[in-house]
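Every chain is numbered from 1, with letters handed out A, B, ... down the list of sequences. The figures that follow rest on heavy atoms only: side chains count, while hydrogens, waters and symmetry mates do not.
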There are 2 protein chains.
Amino acid sequence: MKTADRLLDAAQDIIQRQGYNAMSFDDVAKMVGIKKPSIVHHFPTKAALGKAVIQRYREMFGQALAGILAQPDQDLRQALEFYFGPFLELDEKGNSICLCGSLAGEFGALPDAIRTEVGLFFVDHQTWLTLILKRGAEEGIFQLSGQPNQHACLILSALQGALIVSRATAAPHYVQQIADLLKKGLVGT
Amino acid sequence: MKTADRLLDAAQDIIQRQGYNAMSFDDVAKMVGIKKPSIVHHFPTKAALGKAVIQRYREMFGQALAGILAQPDQDLRQALEFYFGPFLELDEKGNSICLCGSLAGEFGALPDAIRTEVGLFFVDHQTWLTLILKRGAEEGIFQLSGQPNQHACLILSALQGALIVSRATAAPHYVQQIADLLKKGLVGT
DNA sequence: GTCTATACAAAGATAGAC
DNA sequence: GTCTATCTTTGTATAGAC
């Protein structure tokens, strides 16, 4: 595996566990097994490393979500289930939250370039969820009590918040409980 | 106003805007108008300052929530409305999120004493919300699709997440939209 | 209770050899 | 592409005067 990718992996892992400000070049270098100044050859600044981490994360999610949408005869309930997947995995793994949830928590301390990427991540997800929910409502699969966009924001916020609260309270299967209740809220009473 | 209280105010403000790791003695001292080493007279370490900030925050919320519960002939819908209040205010103010939401985002980088306080904050809120929802369900005011505790966790997570997403996307009245939909989810279809 | 001065470590970043 | 060495700034904390 290329050094640049291993650096991205290490940086992402630290941010998801400890936050952006707690991620230092030295920590990242030690995880990869090289010395601190060698990082600069791959990423000139910490902000550049951070930005690259989010861009890769956004792209990974973007492809996964586009892949779900592209399926013919898609089951929209199943599509939503796929969406929950990565968040459930993060919670069961423990100690890690969504990369962008972590970054957004330190928003006021972030470089501008990173703030922009984080904002785009959330908008991406809201847009995708809104589309799924709107289709589902039209097909009669979902019975929405509010606007599709509103439900999309609730799902996104609840998952991000659930990961954060779950880690701090160490409650088992916390995100799963939240996801189950969110699903119930989409099928009427 | 006592210096110790002004230090707590300043530290809390920075944590809510930028996070715990971005909060330095020097920043706090400058906001209060004293020099960095003078803080030590009031709080021996950064961890002690941080812990004191959360303890005050927990106590403030604790008293407010107990006050709502203590009201005779309480309207449970109104009680929930009161609960949403501080989160709506934070969102409208902009740039700040819940103190404990911010800290929980950096959980892996926090001193043990602070982790404990953050966990207690969330448990406090879950317990209070569960009680309100359970009573409401018994009285027929709320029609819950899941367990009261489950709804409590959803409300807490959604509000914490909404503040974080709202700040990163700069969407107007974001938390209000989430709160409205959460309320709809408690009254059946 | 606040100050100046200072110790000490860690951080992001640069220069130049290999 | 990685290294050693170094610079500069910042951060937490201490010592001791006022």
Exercise. Check Phe82(A), Tyr83(A), Phe121(A) against Trp128(A) for a ring pair (Phe, Tyr, Trp, His ring centres under 6.0 Å) and give me the one that passes.
Key: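 Going through Phe82(A), Tyr83(A), Phe121(A) one by one, the ring pair (Phe, Tyr, Trp, His ring centres under 6.0 Å) with Trp128(A) is satisfied by Tyr83(A) alone.
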For atom [atom1] of [X] and atom [atom2] of [N], their distance in whole Å:
X	N	atom1	atom2	answer
Met23(A)	dA13(C)	CE	P	10 Å
Lys2(A)	dT2(D)	NZ	P	11 Å
Asp27(A)	dG12(C)	CG	P	8 Å
Asp26(B)	dC3(C)	CG	C1'	14 Å
Ile39(B)	dT4(C)	CD1	C1'	16 Å
Ile34(A)	dC18(C)	CD1	C1'	16 Å
Phe25(B)	dT12(D)	CZ	C1'	7 Å
Lys36(B)	dC3(C)	NZ	P	13 Å

Quiz item: Hey, are the side chains of Phe87(A) and Ile178(A) touching, using non-hydrogen atoms and a 4.5 Å cut-off?
Solution: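 A side-chain contact is absent here, since even the closest heavy-atom pair is not under 4.5 Å.
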Self-check item: Sub-4.5 Å side-chain heavy-atom contact between Leu103(A) and Glu117(A)
Solution: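 When only atoms from C-beta onward are counted, Glu117(A) and Leu103(A) do not touch, as no gap falls below 4.5 Å.
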Are any of [X]'s side-chain N or O atoms less than 4.0 Å away from OP1 or OP2 of [N]?
X	N	value
Ser24(A)	dA11(C)	yes
His41(B)	dC3(C)	no
Ser38(A)	dC3(D)	yes
Thr45(A)	dG12(C)	no
Thr3(A)	dG1(D)	no
Lys35(A)	dT2(D)	no

Self-check item: Electrostatic pair Arg56(B):Asp9(B) at N-O distance under 4.0 angstrom
Solution: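 Asp9(B) and Arg56(B): salt-bridged.
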Quiz item: Hey, which of these two, Ala22(B) or Pro37(A), hits DNA chain D nearer its 5' end, going by closest nucleotide?
Solution: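 So the residue in question is Pro37(A).
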Quiz prompt | Flag, side chain of Arg167(B) to backbone of Arg17(B), donor-acceptor distance under 3.5 Å | solution =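 Checked: pair present.
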